[in-house]
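Working notes for the structure below.
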Amino acid sequence: MLINIAVIITGYLFGSVASAIVVCRLAGLGDPRAGGSGNPGATNVLRLYGKKAAAATLAGDVLKGLLPVLLAVWLKLPHLAVALTGLAAFAGHLYPVFFGFRGGKGVATFIGVLFGTYWLLGMAFVITWALVAAVSRYSSLSALTAAALVPVYTWLLLPEIAYIAGFVVMAALLYWRHR
């Protein structure tokens, strides 16, 4: 039980590392929250500072969702603990303790959580996102559509109530952050 709690807390702390802010500071760039959309995420970093900084931010945001979940899976924690670890990493991205609880929208971290939980769920999200983006040319619409379908994909591919419930909560929070 104690290990479950420790891994969930670790997930939140991983999620709380704002990749956009860290990448921009290391590269000698400005704070991404001070320009563009004000969002500390890869899309805003792309607008403000270019492809290299955005790619590094995207990688960091995916990894902070992926690594804690992989740790929970590797430790063979129960499904509920794995799902809560992913939710904690996602919540850490949205409300990071290290950056005044002002975080991003969570799309890349959600993708990392999905890949860590079951790689086919991550692929389903990415493929859905790409198809909607190809048609609509809107990243936000693509992310919202993919997020809305994740509980369905989970029900079909990994019918475990802990994951379905966790992903419903994450999708709802992702919608909330895109309002």
Side-chain angles (χ1 to χ4, degrees), residues 4-5 7-22 32-33 36-45 57-73 77 79-118 121-129 132-133 138-158 160-179:
N4 297 357
I5 294 168
V7 172
I8 292 165
I9 291 169
T10 299
Y12 175 76
L13 294 174
F14 260 75
S16 287
V17 176
S19 304
I21 297 168
V22 171
R33 297 172 297 180
S37 68
N39 181 47
T43 302
N44 196 39
V45 171
T57 299
L58 180 65
D61 285 350
V62 170
L63 285 172
K64 70 186 186 179
L66 176 70
L67 294 177
V69 173
L70 286 180
L71 175 64
V73 169
L77 298 186
H79 295 301
L80 180 59
V82 175
L84 289 173
T85 299
L87 181 58
F90 182 76
H93 178 81
L94 272 54
Y95 306 103
V97 67
F98 304 127
F99 296 97
F101 301 99
R102 289 183 50 213
K105 294 179 181 172
V107 177
T109 303
F110 192 17
I111 292 169
V113 169
L114 292 170
F115 271 107
T117 304
Y118 183 42
L121 292 174
M123 289 302 300
F125 186 103
V126 170
I127 291 168
T128 302
W129 184 95
V132 175
Y138 288 102
S139 178
S140 290
L141 176 62
S142 304
L144 293 171
T145 302
L149 291 172
V150 163
V152 176
Y153 296 150
T154 307
W155 179 68
L156 295 171
L157 297 170
L158 187 65
E160 174 59 48
I161 192 67
Y163 297 127
I164 295 168
F167 296 149
V168 165
V169 171
M170 285 185 236
L173 287 168
L174 197 141
Y175 267 78
W176 174 254
R177 296 299 290 200
H178 274 82
R179 72 191 187 291

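With rounding to the nearest 0.5 Å, the separation of CD1 in I5 from CG in L77 is 11.5 Å. A distance of 12.0 Å separates CG in L13 from CD1 in I8, rounded to the nearest 0.5 Å. Between atom NZ of residue K105 and atom CG of residue L144 there is a gap of 8.5 Å, rounded to the nearest 0.5 Å. In this structure, the separation between CG on L63 and CD1 on I111 is 12.0 Å, given to the nearest 0.5 Å. Rounding to the nearest 0.5 Å places CZ of F125 at 10.0 Å from CZ of F115. We find the CG-CH2 distance between L173 and W176 to be 10.0 Å, quoted to the nearest 0.5 Å.
Here the closest heavy-atom approach between residue A147 and residue A171 is recorded as O-CB, 3.5 Å. Annotation for P68 and V7: closest pair O-CG1, 4.2 Å, computed over non-hydrogen atoms. Across every non-hydrogen atom of G116 and V69, the tightest pair is C-CG1, 3.4 Å. The nearest pair of heavy atoms linking L58 to A108 is CD1-CB, 3.6 Å. Nearest heavy atom pair, residue T145 against residue Y175, reads N-OH, 4.2 Å. Across T57 and S19, no two heavy atoms sit closer than the pair O-CB, 3.7 Å.
In this structure, a donor-acceptor pair under 3.5 Å is present between the side chains of Y153 and T128.
Here the side chain of R177 pairs a donor or acceptor atom with the backbone of G104 at under 3.5 angstrom. Judged by distance alone, the side chain of N44 and the main-chain N or O of N39 form a donor-acceptor pair under 3.5 Å.
When side chains are defined from C-beta on, L71 does not count as touching L67, because their heavy atoms never get closer than 4.5 Å. L174 has its side chain out of reach of M170: every pair of non-hydrogen atoms, C-beta onward, lies at least 4.5 Å apart. Inter-residue side-chain proximity for L121 and V150 is flagged as unmet; no heavy-atom pair is nearer than 4.5 Å.
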Determine all donor-acceptor pairs shorter than 3.5 Å in which one atom belongs to a side chain in residues 83-102; sequence neighbours excluded.
from : atom 1 : to   : atom 2 : distance (Å)
T85  : OG1    : A81  : O      : 2.7
H93  : ND1    : K64  : NZ     : 2.8
H93  : ND1    : T109 : OG1    : 3.4

Any chance you could lay out the side chain to side chain contact (heavy atoms under 4.5 Å, CB included) test for V113 and L66, step after step, and finish with the verdict? CA-CA 5 Å; V113 169; L66 176 70; over 6 Å; no
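Ring-plane geometry between F110 and F167 is classed as tilted, the angle between the planes lying from 30 to 60 degrees on a 0 to 90 degree scale.
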